[in-house]
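Start at 1 and go down the list; that is how both ligands and their atoms are numbered. Atoms considered below: every heavy atom in the structure, side chains included; atoms not considered: hydrogens, waters and symmetry mates.
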Amino acid sequence: MRILPSLRRLVVSLSAIALGAALFAAPAASVEERVKELLGRMTLEEKVGQLVQYSSREDMTGPATASSIAPQMQSGGVGSMLNIVGAAETRKWQKLAVESSRLHIPLLFGLDVIHGYRTIFPIPLASAASWDLERIEKAERIAATEAAAAGINWTFAPMVDIARDPRWGRIAEGAGEDPYLGSAIARARVHGFQGDGSFATTETILACAKHFAAYGAAQAGRDYFTTDVTERVLREVYLPPFKAAVEAGVGTLMPAFNDLDGTPCSANPFLLDQVLRREWGFRGFLVSDWAAVEELRAHGNVTDLRDAAKKAFLAGMDVDMQSEAFGPYIAGLVRAGEIPPSRLDAAVGAILGAKFRLGLFDDPYRFSNEEREKTAMLHPESLEAARDLARRSMVLLKNNGVLPLRTADLTVALVGPLADAPLHQMGTWRGQGRKEDVVTVRTALEQIYPGRRLHYAYGCDVRGNDTQGIEKAKRAAVDSDVVVVAVGEDVYQTGESTSRTSLDLSGPQLALLKELNSAGKPIVLLLMTGRPLLLEAVEPLVDAILVAWHPGTMGGPAVADVLTGAYNPSGHLPLTWPRSVGQIPLFYAHKNSGRPAPLKQDDPYYSRYIDSLNTPSYPFGFGLSYTSFGYDRLRLSAPTIREGGAPLTVTARVTNIGKRAGEEVVQLYVRDRVGSVTRPVRELKGFKKIELAADESRDVEFSLTPADLAFWRADMTFGAEPGDFDVFVGGDSTAWLTMPFKLEASR
Ligand code: BGC
């Protein structure tokens, strides 16, 4: 009996020697050659194994498999895992896969590294408000470096869903409402995670653009719900960030939970095959969202699990996350001739290709390095980058002069449930972020206002109706020169499956603000949130509003930097901030309609509400600074551009007209006055973040090409149409500095 294990070991090492001579094991061969050779050795079942992905544990997003998957792993029946973390743990599973399976194929380890692994950066919606592509890219590189040291070689990020409905909790995970900004940020995030795509260093990992597509268009803002999106809107609004991610080389995509024009994205050939692979030339692979293949049954477009597996796989889905649909059924479907073997080889080839590119065949443990894991986390430079991105993400919406706070002589009341709340400060999808690593607003402000110069009071809960602590908070206010109130959303109110019908401050938070207001001291509202919350009732009660979002591990010092003016705020809204839920969806790039304004005085028959203005509380692109910026001298290089000709140069002078240095996000919008289909009133077509000293002026230049004016025309071809346009330059989407120009057809 004792001889058996050693016999098995002998067989394993003999086969390893045999495989060592194989082309797929030879690093010098090209990835394509190695994939082809390996595919030639695989049985049907081994190929199907590559399509199977399991979670290691029970997960909050759905039911995980309870039974041990080790035997399946040994037979080559698993291709990737998710939610296994740590170098030791990933190494253990990798060893099992590599040493006990016949072909020694390594596993991929995926995880939702959404805004940091251990060093938690501000939530993605927040970092989008920085409009700072370089720093966003750097943050993802740090996240990748930390995750990679812990064995993770694949992140389910970036989430590039355009979201125009803040009732939807997942608005926190994306870059806001605009396809141009969203595309720029998608590229930055993909480059951050994947570098140049060679994976030559262990500071890069495979990325996954999700959720493909129009997940943010869920009707009524209800997560996972159905959508009703025309192909034009799909292509103009929801698809561009995915296309940008594909052009940036993203290795994988995740189809969305929702359906699209009646076909769930997970089994949608138009989306997964026609658009993604044929039109865009995507060569990577697709991973389903959690149990999404199985959920096709509930959608009601398949009869059973076998049918679900067949439809999803034929449409183009490659990896089945946690549905147990591909594993049991794909081999049978191939044998029955219902799935062509070429489709299976294409899927498996793409998965193996990623494993080769990641270097896993040459060193399966390359990402699972316990030594590196010990030293890679929370580097001082990483924490500094997190602090820097957090303060650059904060958006100042109101300031009647109370900010910045003096540090030498003030006594500050710091009040509110989010002032000292490490968990909530990290926001949704916290990776391996730990509460004990977080520097809260309270901790940071205590250092600046030591001893009795800071009066902290919790105030009230974010939710519920306990108002007992409010009195103490008011006393703190009375005893201080100024009040900083940290209210907003807790982590359970933001992210996946947290749709809201009310966007008011929840629980007794408004009551807290009212009571503080009666103390008669200047109030700074520090809004810590994953989405816009309604401010119409709040704004009159406070003297300043700083949107800090959920700012991450170093959010406290970042808040302190902005409050005290150590950093001059420069964030601008990546979405429109509505006045009321009734206005939603509200976004700047809307259509004009036939009745945009009254034709004559007192004419009520135009597009409006009888109980609200049409305008938002704060427009897309808006953000104040402790200085202000003036715009003038808008110039165009020519009154006309020609298709196929030289680009138009748009120049405007921006001047810092305040008393201190500051950064401004200079934005360029275009309006196409007449199209074969109606066009948005404005579209963002460029932005530059610049820094100006007090009194400094600078000419800021943008280049516009006819391609920038292209859209999906009446006949659903993509291109620009000759005619009249307007260009606008300014500090938000209501920019008033404007000039007309013409696009002429090529001669
Ligand atoms: C989410 C995805 C996530 C996946 C794996 C799902 O519930 O929709 O965004 O990547 O879980 O954790």
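Residue H211 holds the heavy atom nearest to atom 9 (O) of ligand 1 of all those in H211, M321, E496, M159.
Heavy-atom contacts of K210 reach the following atoms of ligand 1: 2 (C), 3 (C), 9 (O), 10 (O) (cutoff under 4.0 Å). Under a 4.0 Å criterion applied to the non-hydrogen atoms of D289, ligand 1 contributes the atoms 1 (C), 2 (C), 3 (C), 4 (C), 6 (C), 7 (O), 8 (O), 11 (O). Close contacts of ligand 1 with W429, meaning ligand atoms under 4.0 Å from a residue heavy atom, involve 12 (O). Using a 4.0 Å cut-off to heavy atoms of R170, the atoms of ligand 1 that qualify are 1 (C), 2 (C), 8 (O), 9 (O).
At least one heavy atom of L82 sits less than 4.0 Å from an atom of ligand 1. By the 4.0 Å heavy-atom criterion, E173 is excluded from the residues contacting ligand 1.
Looking at Y215 next to ligand 1, no N or O pair under 3.5 Å apart turns up.
Side-chain atoms of Q194 and T204 form no donor-acceptor pair, as typed in the model, at a separation below 3.5 Å. Side-chain contact annotation: Y224 with E295, donor-acceptor N/O pair under 3.5 Å absent. Between the side chains of T428 and E173, not a single donor N or O lies within less than 3.5 Å of an accepting N or O. T119 and E146 share a donor-acceptor pair across their side chains, judged by distance under 3.5 Å alone.
With a heavy-atom cut-off of 4.0 Å, N83 does not touch ligand 1 at all. Here Q53 has no heavy atoms under 4.0 Å from ligand 1, in either its backbone or its side chain.
Residue P574 comes nearest to L181 through the heavy atom pair CB-CD2, 4.0 Å, listed as atom of the first residue, atom of the second, then distance.
Inter-residue side-chain proximity for W429 and E496 is flagged as met; some heavy-atom pair is nearer than 4.5 Å.
Salt bridge status for D304 with R306: absent, with no side-chain N to carboxylate O gap under 4.0 Å.
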